[in-house]
Each structure stands twice: as structure tokens, then as C-alpha cells.
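As C-alpha cells, the structure follows; a few thoughts come after it.
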Amino acid sequence: GAVVSQHPSRVICKSGTSVKIECRSLDFQATTMFWYRQFPKQSLMLMATSNEGSKATYEQGVEKDKFLINHASLTLSTLTVTSAHPEDSSFYICSARDLGGGAISIDTQYFGPGTRLTVL
Amino acid sequence: DAKTTQPPSMDCAEGRAANLPCNHSTISGNEYVYWYRQIHSQGPQYIIHGLKNNETNEMASLIITEDRKSSTLILPHATLRDTAVYYCIVRRDMRFGAGTRLTVKP
């Protein structure tokens, strides 16, 4: 149990294009999903918190118009990097927090495998 | 929100116990302590969590001091595959610190 998937695992795009990354909780329902970005040899940096059915809450310094987040269901959140530039190249990781009521501990977050974005 | 302090790196001999400390002196009464690890180029993996009592699962043990201001993650018999960055988190919103890079050596 507690599996989170991300798609795609790796993407290369041209500067100026948009890229969508999907995050799915496969065997549990998640009211809250988190999006992180990680640069080489650095820790994970929280970008935004996504709640199902409502607008995402962005961390200071993260442009909401550039990083569009949609959390349309209890099992799916998407991050769209709009007008990507080379400096957006990074490892993007999502996590999902269990709704609770099942075998998985409530409030524990489970992470996806990450998506490596390279913008040329 | 509590912050955590961890040593930047540690080494451990294969087969020996790895003891990873974490200080969280500003933790509040209802905040859990979570431990995750990240192997290179992968998403973080949940290890264990606890509130007050010591906890043990198939991966590790978590020892929390009585005043809850610090904790220790114990990997009882470290293997080479345990080489990773280990993160201690006490904030519900899951902001990560720098973690401890554990290197298990043969």
C-alpha cells in the first residue's frame, strides 16, 4: 500500500514550451498533495501545497502563474510548468497525504519517484 | 513550526548499527517526528514516525527522548543499500532540512 506514481519520469523539452507532470496516489485517497523541487546536491524545496477541489497554496518566491497546479480528484494532482526555461530544469517530486481510515497512518506523506525535467 | 538539526554526514561500517541523531528542541506537543530517506535520484522513502513512545518496524527503530527535544533513528544492521540521505522532519507541512548523508562502507 501507499504507492504514489509520477508521470513522466523524465522529460526533455524546448525552452518556451509547457510541461505537465502528473502525480497519482494509487491505493489511497489524498486530500493533500505537495510539490517539491530539488536541484543537484540540495535538499527538497517545497513549492506548493495542493488540496483537492481548492486552489493550491504556493510558497514564497514560487510563481503561481508559472507553476500551475490542479488537484481535481482525491487521487490526482498535476503540475504544469509553463513557458519553461533552462533554469526550470530540476527534479520535481510530489507527495500525497493519506485521508485516513485505512491501514495507512493518517498524516504520513508518501512520495512519488520524481520527474526529471530538462529544458534545452 | 519546529525545525530540525542533523549532522551533515556520517559513516557506518556494513553490518553495524547506524545511529542517526536529530535535534528538534522547539517541537510542539502534538507534532510527530518523521524519518525519510532519499537514495540518489529517487523520491524520499518513508521509514518511521513517532510521537512520544519509541517505535520499531521492519526498517528501523526510533528512539525519542522523554522531553521530545531529540530523537535517534537506528538502523540495526546497516547494509550498503542503506547509503542515502536521511531526513528528520517534525513539521506537519513537511519542509525538509539538509538531512544527514549516511555512507555505509564495506
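Sequence lines set the chain letters: A, B, ... in the order given, protein chains first and strands last, and positions in each chain run from 1. Side chains included, hydrogens not; waters and symmetry mates left out as well; all remaining heavy atoms used.
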* When you look at B/Tyr46 and A/Tyr110, which way does the ring pair (Phe, Tyr, Trp, His ring centres under 6.0 Å) test go after all the steps? -> CA-CA 7 Å; B/Tyr46 166 77; A/Tyr110 297 92; 5.7 Å; yes
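- The part of A/Ile93 that comes within reach of chain B is its side chain, from C-beta onward, which places non-hydrogen atoms under 4.5 angstrom from that chain.
- A donor and an acceptor atom, one from each side chain of A/Trp35 and A/Ser95, are nowhere located under 3.5 Å apart.
- B/Asp67 and B/Thr65 share a donor-acceptor pair across their side chains, judged by distance under 3.5 Å alone.
- Ranked by heavy-atom pairs under 4.5 Å with chain A, the first of B/Gln38, B/His40, B/Gln45 is B/Gln38.
- The closest side-chain donor-acceptor pair between A/Asn51 and A/Thr32 falls under 3.5 angstrom.
- The interface of residues 97-106 of chain B with chain A, defined by heavy-atom distances below 4.5 Å, comprises B/Gly97, B/Ala98.
- Residue B/Tyr32 does not touch chain A at all, counting heavy-atom pairs closer than 4.5 Å.
- Taken from CG in A/Leu117 to CD1 in A/Ile12, the straight-line distance is 9.5 Å, to the nearest 0.5 Å.
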* To do: List the steps, then state whether side-chain contact (heavy atoms from CB on, under 4.5 Å) holds for A/Ser54 with A/His71.
  => CA-CA 7 Å; A/Ser54 63; A/His71 192 161; over 6 Å; no
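- In the model, B/His24 has no side-chain atom that pairs as donor or acceptor with a side-chain atom of B/Ser70 under 3.5 Å.
- The pair B/Arg95-A/Glu59 counts as a salt bridge, with a side-chain nitrogen and a carboxylate oxygen less than 4.0 angstrom apart.
- Interface residue A/Gln38: only side-chain heavy atoms are found under 4.5 Å from chain B.
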